[in-house]
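Residue indices begin at 1 and follow the sequence shown.
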Amino acid sequence: MDKNSIIGLVLIFGILIGFSIYNSPSEAELALQQKRKDSVQAAERIKAEKAVAVPAEKPKEVMNDSLENLRKKQAMGSFFQLTQGKTSYTSIQNNRLKLSISNRGARPVSALLKDYKTSFGKPVDLISADSSSFALVFPAEGRTIRTDSLYFAYHPKGNTHCFEARIDSATAILFEYILPADSFHVQLNIRLIGMGKMISANATDVNLDWKLSSLTHEKNKQLEASVTSVFYRFADGEVDNLSETGDDKESLPNTVTWVSFKQQYFCSALIQRSGFQKPTDVSVLPAGDSSAFTKHMAATFTLPYKHGNDEVHKLEFYFGPNHFKTLSSYNIGLEDQLNLGWGIIGWINLYAIIPIFNILTNFNINMGIVILLMCLIIKIVILPLTYKAYLSSAKMKVLKPEMDEINVKFEKEDPMKKQQAIMALYRKAGVNPLGGCIPLLLQLPILLAVLRFFPASIELRQKAFLWAADLSSYDSIFTLPFTIPMYGDHVSLFTLLMTASTIIYTRMNSSQFSGNAQMEQMKWMMYLMPLIFMFSLNSYSSGLTYYYFIANMMTFGIQYLMKLSVNEEAIHRKIQENKKKPVKKSRFQQKLEEMTKQQQALQQQAKKKKK
């Protein structure tokens, strides 16, 4: 990228911004659009809150007509009597979770997390009664029976909350829920008693259907939706997921131990430690323009059935936060849903960032201070690399006058000769031109690790610091009357501070890019990158951009102290002494010189042929 390319990019951005401003609606149109949007959102929110507060199912029409009753009886057969009843709800709770279960289908219709609130100030509910289902599906008497159309009788037995759909004295379906104290974990036993005479003789399995529309909980619905999807773990330990950006479906060919409907900071998971029999069908569908929901997710499980007298399927639910320590305590890989990065980036998060963060949060101090201290600790650990990079930059600065002389001397010569002269100067002086870049590249995995860590850290959720009301979301200080493509409709202050400090840092260190055409191009890239990040991170976690900003400010301070401690005159003397010493060429350098000579010979032959 040369200067013309940079100017072209700037013009493109300018045209996009100008086009957005030109096509932005008038104040009256904006007011009308906002009024319509607010009314639609209010209606959807009221509907969702009603579902949270009082789980309600569609009222069942009263069937007085004998022909209609006969039709339904023929459709349900021996299960007809179980379709007659009145819907009621049973709540079981501990200090973390309140689970509401409907007697129709014995299914969960609400899962309230007591310690968490939505961005609207309401309790976080992971289930919407009107937009979810949970049912056992099996063939019986030539029909397909779903348990969510049957009414169950509630029979509590100590800590076990039993829901029973009894067909006769020897035949019944039981859903048994157990909620341990101080847990987001719910045990569920599905028992089929004497069902061998009801379920078709040739059936070797039954299905379990689970559907859930995830409610919107965060301020940035678009970001929340972008990380919401169906995750699953195979029996061999591999964790995979459906697309997070569009609709997707998969029929999983291997045994899975859990399927999770994961959101940005919460998840609802169904677990069978022994593994669900294959296949398991999973799907995800975006909720579109709905403000109440982010995604529609579904899973159909296969449970083996051997026509025994009393068969039990032991399952577990997890309704709770995507908190790394909490998820990992179950020892089944639920924490692998968190996108902490691949390879070395994930290792840095697992074995460095998360342990440091957890230690600091134990002191119960403000999260902004936690991030500052974490950044300080990381800066101290990588201080040797920072010092090496600064020392290399100082050497390059001392050599700059001699490099300028070479540039002038070989200005009209073959560029390759100039490059050879510069490399010869580096060898005599004992300077590595990449010495300042390599330590910085080694720090890059840390920057990428925190890029993954902060947006996935629920500890930052709704934690305020300075002007940022929520460190897990963007810190808007001004709302624009229009939307800029790739930037948004707001201005985040920490993002601006991060961008400005990065450009200043690049300016302070630009001297090491002089004297080399390739390095000059890299310099322009270094100026362009902060602007790209400004557009990319404007709607990201303000905790992340705050970290990048204070990391830059700490770097300024460290460089100032190093400047006081590093004597450039002593460096110059050392370089001059190195020049007097015989140069020992490595095998790599010798090979490089041979390749350069061969290339020069080929170029000369080509010139002779042209003549």
Side-chain angles (χ1 to χ4, degrees), residues 113 116-119 124-128 212-233 239-250 258-269 282-299 318-324 326-328 333-342 345-346 349-350 353-354 357 448-463 470-475 486 488 492 495 533 535-545 547:
L113 305 183
Y116 298 93
K117 302 287 185 182
T118 69
S119 60
V124 168
D125 196 342
L126 299 184
I127 302 176
S128 169
L212 186 68
S213 294
S214 56
L215 289 160
T216 302
H217 300 128
E218 313 305 325
K219 178 172 69 173
N220 190 341
K221 186 228 173 184
Q222 184 177 2
L223 178 61
E224 183 180 8
S226 70
V227 293
T228 297
S229 189
V230 179
F231 282 69
Y232 43 88
R233 182 179 189 263
V239 174
D240 204 348
N241 62 279
L242 298 181
S243 171
E244 294 176 305
T245 58
D247 59 303
D248 194 9
K249 61 181 180 180
E250 192 79 35
W258 54 257
V259 170
S260 174
F261 296 156
K262 174 190 170 291
Q263 299 171 254
Q264 185 176 5
Y265 291 115
F266 307 97
C267 72
S268 305
V282 290
S283 65
V284 61
L285 183 68
D289 296 331
S290 170
S291 63
F293 304 103
T294 56
K295 295 283 179 68
H296 305 297
M297 297 174 282
Y318 174 84
F319 297 113
N322 293 333
H323 182 258
F324 183 85
T326 302
L327 293 174
S328 59
L334 283 172
E335 69 278 8
D336 292 337
Q337 298 176 86
L338 305 182
N339 189 358
L340 298 177
W342 179 82
I345 296 172
N349 273 322
L350 285 174
I353 303 296
I354 291 177
F357 185 79
L448 295 177
V450 297
L451 178 64
R452 291 294 187 186
F453 169 75
F454 281 108
S457 177
I458 193 173
E459 291 89 344
L460 299 181
R461 187 175 182 270
Q462 298 178 357
K463 295 296 189 295
D470 184 353
L471 286 171
S472 70
S473 185
Y474 54 84
D475 55 316
M486 299 181 293
S492 299
T495 304
F533 276 109
F535 275 78
S536 302
L537 301 181
N538 190 56
S539 296
Y540 257 59
S541 161
S542 56
L544 173 66
T545 50
Y547 175 90

**Report entry** Any donor-acceptor N/O pair, Gln462 side chain to Thr118 backbone, under 3.5 Å
**Finding:** yes

**Report entry** Pairs flagged by side-chain hydrogen bond (donor to acceptor under 3.5 Å, both in side chains) wherever residues 212-221 is involved - sequence neighbours left out
**Finding:** Ser213-His296, Ser214-Thr294, His217-Gln263, Glu218-Arg461

Report summary line: When every non-hydrogen atom of Cys267 is compared with those of Ser260, the smallest separation belongs to CB-OG, 3.5 Å

Query raised in the report: Looking only at heavy atoms, what is the nearest atom pair of Leu460 and Asp470, with distance?
Result: O-OD1, 3.4 Å

Report task. Drop me the distance from Leu334's CG to Trp258's CH2, to the nearest 0.5 angstrom. Result -> 5.5 Å

Report summary line: On a heavy-atom basis, the closest approach of Phe266 and Pro321 is CD2-CA, 3.7 Å

Query raised in the report: Tyr116 and Tyr265: aromatic ring centres closer than 6.0 Å?
Result: no

Query raised in the report: Does Gln337 reach the main-chain N or O of Lys262 with its side chain, forming a donor-acceptor pair under 3.5 Å?
Result: no

Requested in this report: Compare all side-chain heavy atoms of Asn538 with those of Tyr474 and state whether any distance is below 4.5 angstrom.
Outcome: no

Query raised in the report: Could you state the interatomic distance from CZ (Phe324) to CD1 (Ile354), rounded to the nearest 0.5 Å?
Result: 4.5 Å

Requested in this report: Please tell me if the side chains of Asn349 and Arg452 come closer than 4.5 Å, counting only heavy atoms from C-beta onward.
Outcome: yes

Requested in this report: Ignoring hydrogens and angles, tell me if any N or O in the side chain of Ser268 forms a donor-acceptor pair with the backbone of Phe319 under 3.5 Å.
Outcome: no

Report task. Would you mind reporting whether Thr228 and Phe293 have side-chain heavy atoms less than 4.5 Å apart? Result -> no

Query raised in the report: Measuring from Ser473:OG to Leu223:CG, what's the distance to the nearest 0.5 Å?
Result: 7.5 Å

Requested in this report: Enumerate the residue pairs fulfilling salt bridge (Lys or Arg N to Asp or Glu O under 4.0 Å) with a member in residues 239-248, sequence neighbours excluded, ordered by first and then second residue.
Outcome: none

Query raised in the report: So do the side chains of Leu471 and Phe454 get within less than 4.5 Å of each other, counting heavy atoms only?
Result: no

Query raised in the report: Who are the side chain to side chain contact (heavy atoms under 4.5 Å, CB included) partners of Glu459, not counting sequence neighbours?
Result: His323, Phe357, Asn358, Met367, Ser457

Query raised in the report: Would you call Leu242 and Tyr232 a side-chain contact if the rule is heavy atoms closer than 4.5 Å?
Result: yes

Query raised in the report: When you measure from the side chain of Ser492 to the backbone N and O of Thr495, does any donor-acceptor pair fall under 3.5 Å?
Result: no

Query - Separation between CG of Leu338 and CD1 of Ile458, rounded to the nearest 0.5 Å - result: 9.5 Å

Query raised in the report: Any side-chain heavy-atom pair from Leu537 and Leu544 closer than 4.5 angstrom?
Result: yes

Query raised in the report: Do you know the tightest heavy-atom contact between Asp475 and Ser542?
Result: OD1-CB, 3.5 Å

Report task. Hey, could you give me the CD1/CD1 distance between Ile353 and Ile345, rounded to the nearest 0.5 Å? Result -> 11.5 Å

Report summary line: When Val282, Val230, Ile127, Leu126 are each screened for side chain to side chain contact (heavy atoms under 4.5 Å, CB included) with Phe261, the one that passes is Val230

Report task. Taking Asp336 for its side chain and Val239 for its backbone only, find out whether a donor-acceptor pair lies under 3.5 Å. Result -> no

